[in-house]
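Take a look at the structure set out below.
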Amino acid sequence: MEMDEHEELHATVQQLIRALTMSQAELARRLEVSPGTLYSWAVGRRTPSPANSARLAELAERQAAAVAEAARRLSRATGEDREGEKRDS
């Protein structure tokens, strides 16, 4: 079953919310480290290993791609270009 425009917009907003909001616990889970380890990285007590740094970069790239895709969908749904101006129809 295909989504109508309203359902697609709803799904896009949900995707954007998920991409922009992640708790430390969720980030730690996704990186397969303890929340304490993540906190230590965040406050500068410890430095992530090269492997964990690569995993952080990969996760950041995926999150950025999800946000970019959501922005494209929202622009199409609202008929606006990237600068926020109405497109000619």
Side-chain angles (χ1 to χ4, degrees):
M1 179 166 81
E2 288 188 35
M3 286 193 270
D4 67 17
E5 285 185 30
H6 178 75
E7 290 170 328
E8 185 173 341
L9 182 59
H10 177 70
T12 300
V13 170
Q14 286 181 334
Q15 177 187 13
L16 186 58
I17 290 168
R18 283 192 304 273
L20 294 175
T21 58
M22 186 182 311
S23 68
Q24 284 187 348
E26 174 65 12
L27 179 56
R29 186 189 67 74
R30 288 188 184 194
L31 294 170
E32 298 177 357
V33 300
S34 72
T37 296
L38 182 62
Y39 178 78
S40 291
W41 297 346
V43 298
R45 285 190 201 138
R46 298 181 67 196
T47 301
S49 67
N52 282 327
S53 291
R55 288 163 71 192
L56 278 166
E58 180 182 330
L59 180 61
E61 288 171 3
R62 281 187 285 171
Q63 293 297 100
V67 170
E69 176 60 24
R72 281 190 293 276
R73 287 180 180 178
L74 289 170
S75 290
R76 283 194 307 266
T78 60
E80 294 183 359
D81 63 19
R82 295 190 81 179
E83 286 75 39
E85 297 176 6
K86 288 285 183 187
R87 288 189 292 209
D88 293 331
S89 300

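Model, not experiment: these values are computed from the prediction. One-based numbering along the sequence shown.
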For this session: Evaluate salt bridge (charged side-chain N to carboxylate O under 4.0 Å, His left out) for Glu58 paired with Arg55, printing each intermediate quantity in order.
Result: CA-CA 5 Å; Glu58 180 182 330; Arg55 288 163 71 192; over 6 Å; no
Problem set entry | Within-4.5 Å side-chain heavy-atom neighbours: Arg62 and Arg30 |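 No. Closest side-chain heavy atoms not under 4.5 Å.
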Acceptor/donor pairs from residues 35-44 side chains to any protein atom, 3.5 angstrom cut, sequence neighbours excluded:
| residue | atom | partner | partner atom | Å |
| --- | --- | --- | --- | --- |
| Thr37 | OG1 | Ser34 | OG | 2.9 |
| Ser40 | OG | Gly36 | O | 3.1 |

Exercise. What distance do Arg72 atom CZ and Glu69 atom CD have between them, rounded to the nearest 0.5 Å?
Worked result: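 The distance works out to 4.5 Å.
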Problem set entry | Atom pair CZ/CG of Arg46 and Asn52 - distance to nearest 0.5 Å | 9.0 Å
